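What follows is one structure encoded as structure tokens, with my remarks underneath.
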Amino acid sequence: MTQTQIRLRRLRENPVLRSMLRDTLLSKDDLVQPLFVKEGLSSPTAIDSMPGQFRHSLKSIVAQAQKVQDLGIPAILLFGIPAKKDKLGKSAFANHGIIQRAVSAIKKKNPNLLVITDVCLCEYLTHGHCGHVQAGKILNDTSVATLAKIALSHARSGADVIAPSDMMDGRIAAIRKILDANHFESTPILSYAVKYASAFYSPFREAAESAPGFGDRQSYQMNPANRREALREAQTDLAEGADILMVKPALSYLDILRDVRERFHCPLAAYSVSGEYSMIKAAAARGWIDEKKIVLETHLSMKRAGANFILTYWAQDLARWLKS
Ligand code: PBG
């Protein structure tokens with residue numbers, strides 16, 4: 001009796017069939033482009049550690065948002081850098097703060113582009129931490145009160161989605177409450193729910209001028225060693241009213257993305273962070289790797305792990321590559 005040999009290669013030979021049978025699809029519809037806008041700039045300035053990324057002026061951010069939309073990318077994530085930092089982070093919730101002005105200018109010109117705003121204090125405080133500081137400690141509840149004010153001012157300026165990235169406890173509930181009390185009950189919250197204390201953020205801190213002036217972020221961001229804690233963070237934020245959860249960084253945390261995907265039936269985002277970008281850019285610049293192929297593969301892996309969409313500095317490149 002002859003035994004039939006299992007031939008998995010049978011389905012890999014014909015390129016049409018191979019493509020039909022793929023499980024995971026990466027599309028420009030899954031992408032969000034993060035953008036930086038800096039108060040007081042007259043023209044965009046390059047970010048050294050993130051080749052191809054810029055700190056935009058109020059004028060150039062509107063043009064850049066237009067380019068993103070013209071490429072068919074549905075959304076941007078906005079980060080603001082104020083002209084002056086202070087001890088209270090006042091410019092983070094000022095009516096004429098840089099984010100508030102940028103959002104209204106962008107929405108006026110591109111009403112259909114989804115504008116997500118990052119809500120945090122690190123860019124606005126002199127010491128660069130994501131919350132208020134007293135006697136060397138990062139305060140939770142007073143920080144949450146300020147974060148809620150920031151979120152409300154973003155919603156008032158026209159932000160479509162509010163994305164708190166600070167990792168203080170209870171901020172989702174506080175933000176939901178202040179939005180609901182001010183007729184923004186339909187404004188969704190994208191929570192940086194599972195955010196690790198990662199060395200992969202360092203190029204971003206150059207870009208956003210937000211490196212902590214003392215210590216590090218380990219007392220509020222998660223320990224990279226922890227897996228179950230990610231599920232607690234996810235559960236807590238959903239219970240507090242988060243609409244979409246995010247896992248950050250992406251590449252070294254695909255197992256966590258998968259865990260959250262399997263446990264919770266909510267939309268899920270992955271943030272491919274600055275260090276992932278710089279690392280691949282640097283190797284590609286030396287000709288050691290093929291940037292396009294590597295980036296298509298890493299982003300596909302984020303979708304395969306369970307992300308519904310990806311916040312990525314390659315959004316515009318990917319949109320071009322995926323078209324051809
Ligand atoms: C602000 C914030 C950070 C990032 C997104 N929002 C930096 C940090 O937590 O230090 C990182 C994004 C990136 O590295 O691309 N809290």
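If you're wondering where the values come from, they're calculated on a predicted model, not measured in any experiment. Each ligand, and each atom within it, is numbered from 1 in the order the structure gives. Side chains are part of it too, since the values below use all heavy atoms of this structure and drop only hydrogens, waters and symmetry mates.
Near Arg217, the atoms of ligand 1 lying under 4.0 angstrom from a non-hydrogen atom of the residue are 8 (C), 9 (O), 10 (O). Below 4.0 Å from some heavy atom of Tyr271 lie the following atoms of ligand 1, by number and element: 12 (C), 15 (O). Residue Phe79 has at least one heavy-atom neighbour below 4.0 Å for each of these atoms of ligand 1: 5 (C), 6 (N). For ligand 1 and Lys248, the ligand atoms under 4.0 Å from any heavy atom of the residue are 2 (C), 3 (C), 4 (C), 5 (C), 6 (N), 11 (C), 12 (C). Counting the atoms of ligand 1 from 1 in the order shown, those under 4.0 Å from a heavy atom of Ser165 are 1 (C), 2 (C), 6 (N), 16 (N).
Residues Ser191 and Arg171 have side chains in contact (heavy-atom distance under 4.5 Å, counting atoms from C-beta outward). Side-chain contact between Met50 and Glu206 is absent, with no heavy atoms from C-beta onward closer than 4.5 Å. Here the side chains of Ile61 and Leu78 are in contact, with some heavy-atom distance below 4.5 Å.
For the pair Arg320 and Asp317, the salt-bridge criterion is met [side-chain N within less than 4.0 Å of a carboxylate O]. A salt bridge links Glu262 with Arg258: at least one charged nitrogen is closer than 4.0 Å to a carboxylate oxygen.
Using the six-membered ring where Trp is involved, Tyr313 and Tyr271 have ring planes that are tilted, between 30° and 60° apart.
Ligand 1 does not have Met167 within reach: every non-hydrogen atom of the residue lies 4.0 Å or more from it. Between Tyr277 and ligand 1 there is no heavy-atom distance shorter than 4.0 Å. The shell of residues lying under 4.0 angstrom from ligand 1, judged by heavy atoms, excludes Glu276.
Between Lys195 and ligand 1, at least one N/O pair is under 3.5 Å apart.
Only the side chain of Asp118 comes within contact range of ligand 1, with a heavy atom under 4.0 Å; no backbone atom does. Contacts of Cys130 with ligand 1, taken as heavy-atom pairs under 4.0 Å, involve the side chain alone.
Sorted by first and then second residue, the pairs that involve residues 172-196 and meet salt bridge (Lys or Arg N to Asp or Glu O under 4.0 Å), not counting sequence neighbours, are Arg176-Asp180, Arg176-Asp243.
With distances taken over non-hydrogen atoms, the option nearest atom 7 (C) of ligand 1 out of Tyr196, Phe204, Tyr313 is Phe204. Among Gly128, Cys120, Ala208, Ser274, the residue whose heavy atom lies closest to atom 14 (O) of ligand 1 is Ser274.
Under the 6.0 Å distance and 45° angle rule, Lys248 does not count as a cation-pi partner of Tyr192.
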